[in-house]
Amino acid sequence: FMKKLTLMVGAFLVSTMSFGQSMDTPMSLEGVLSFNGSSLEWTAPTLRFRYFVNENIAGRVQLGLGDGMGTPASESWTFYENGDGTGATGTAEINRSAWNAQIGGEYHMSATDRLSPYFMLGINFGGGSYSETWTESDGTSYQQGLSAQVDADMSMFGVGVGAGMDFYLVENLYVGLELGLSFNSINTSDVTTTISTTAGGTTT
């Protein structure tokens with residue numbers, strides 16, 4: 001069981017149909033650019049759909065690949081036999097395949113024809129798989145003759161809160177900024193571990 005706090009600064013909208021404060025077009029489709037505490041990156045393909053029930057209330061559905069918290073899809077680690085970086089080496093390869101979704105709502109406050117500030121609340125969920133491959137290592141350090149394969153399924157559930165604003169460049173195109181916090185728990189299940197050791201030329 002793991003909880004991870006994520007700061008997301010997001011919502012550069014690359015494709016949208018806006019309601020323009022007049023409800024003539026109550027739907028929008030958005031691409032998301034996010035900052036996850038260390039770097040600015042596209043979380044593509046992450047898409048967000050919004051539908052305005054009225055000029056103040058909107059529902060939103062967001063779908064994307066990854067866990068939604070900026071965790072890399074793959075990692076590779078090399079461990080050395082000696083502390084000074086010499087001698088034999090071992091490795092650990094980590095691969096993740098995940099999807100994430102959010103269902104929520106927004107409350108938009110009255111501002112100007114071009115500026116629309118809002119508050120949001122959303123429920124986050126997702127799933128995926130996780131694997132580690134150790135070669136001459138225990139996953140954290142060099143271990144001669146030890147190899148392993150670890151596989152697991154992942155599920156994620158949490159809640160996100162935030163505030164943002166939409167700035168309309170023209171009637172049907174806007175740029176948005178959203179500041180939010182997501183509190184998510186990631187659970188692993190169906191964990192299988194296969195370990196092999198080699199000693200004296202014999203692998204078990």
Side-chain angles (χ1 to χ4, degrees), residues 1-73 96-128 154-187:
F1 177 78
M2 177 178 66
K3 288 187 176 179
K4 186 173 182 179
L5 176 65
T6 301
L7 170 64
M8 187 181 76
V9 181
F12 173 63
L13 313 181
V14 295
S15 176
T16 179
M17 297 179 293
S18 74
F19 72 105
Q21 298 288 352
S22 65
M23 293 300 294
D24 292 336
T25 310
M27 297 177 293
S28 70
L29 181 63
E30 311 161 3
V32 179
L33 178 68
S34 71
F35 181 80
N36 286 297
S38 61
S39 62
L40 191 68
E41 60 184 14
W42 287 106
T43 56
T46 298
L47 296 176
R48 180 184 298 158
F49 174 78
R50 295 198 295 187
Y51 185 85
F52 284 84
V53 179
N54 55 47
E55 291 189 355
N56 299 111
I57 304 296
R60 59 192 267 172
V61 176
Q62 181 170 304
L63 298 173
L65 296 180
D67 62 5
M69 298 185 290
T71 306
R96 304 176 181 89
S97 176
W99 61 272
N100 68 89
Q102 183 189 78
I103 298 176
E106 300 173 356
Y107 178 77
H108 287 248
M109 296 173 289
S110 299
T112 66
D113 289 340
R114 288 186 175 271
L115 188 64
S116 177
Y118 65 88
F119 295 100
M120 63 78 60
L121 175 66
I123 301 298
N124 308 323
F125 56 95
M154 298 186 303
S155 62
M156 182 266 288
F157 185 80
V159 62
V161 296
M165 63 180 65
D166 299 329
F167 180 77
Y168 288 83
L169 303 175
V170 294
E171 182 177 358
N172 290 318
L173 179 64
Y174 62 90
V175 175
L177 175 66
E178 181 176 296
L179 299 173
L181 290 176
S182 290
F183 300 87
N184 298 320
S185 65
I186 296 179
N187 297 307

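- In this structure Y107 satisfies the side chain to side chain contact (heavy atoms under 4.5 Å, CB included) test together with N56, I57, M109, sequence neighbours excluded.
- In this structure, Y168 and S116 approach most closely via the heavy-atom pair CE1-CB, 4.3 Å.
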Output, in order, the C-alpha distance, side-chain angles, deciding distance and verdict of side-chain contact (heavy atoms from CB on, under 4.5 Å) for F183 and F157. CA-CA 9 Å; F183 300 87; F157 185 80; over 6 Å; no
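- At most 12 non-hydrogen atoms from other residues, nucleotides or ligands lie less than 6.0 angstrom from CZ of F119.
- In terms of heavy-atom proximity, G176 sits nearest to D166 at CA-OD1, 3.9 Å.
- In terms of heavy atoms, V159 sits closest to N184 at N-OD1, 3.9 Å.
- Salt bridge annotation for R60-E178: present, with a cationic side-chain nitrogen under 4.0 angstrom from a carboxylate oxygen.
- Atom CG in L63 sits 11.0 Å away from atom CZ in R48 (nearest 0.5 Å).
- F167 CZ to L115 CG: the interatomic distance, rounded to the nearest 0.5 Å, is 7.5 Å.
- Nearest heavy-atom pair across M156 and I186 is CG-CG1, 4.0 Å.
- Judged by distance alone, with hydrogens and angles left aside, the side-chain atoms of S155 form no donor-acceptor pair with the main-chain N or O of G127 at under 3.5 Å.
- Of the inter-residue distances, the one linking H108 atom NE2 with N54 atom CG reads 10.0 Å to the nearest 0.5 angstrom.
- Nearest heavy atom pair, residue L177 against residue Y118, reads O-OH, 4.4 Å.
- Distance check: F125 CZ to I103 CD1 gives 4.0 Å after rounding to the nearest 0.5 Å.
- In this structure, the separation between CD on Q62 and CG on N100 is 6.5 Å, given to the nearest 0.5 Å.
- When all heavy atoms of R114 and L169 are compared, the closest pair comes out as NH1-O, 2.9 Å.
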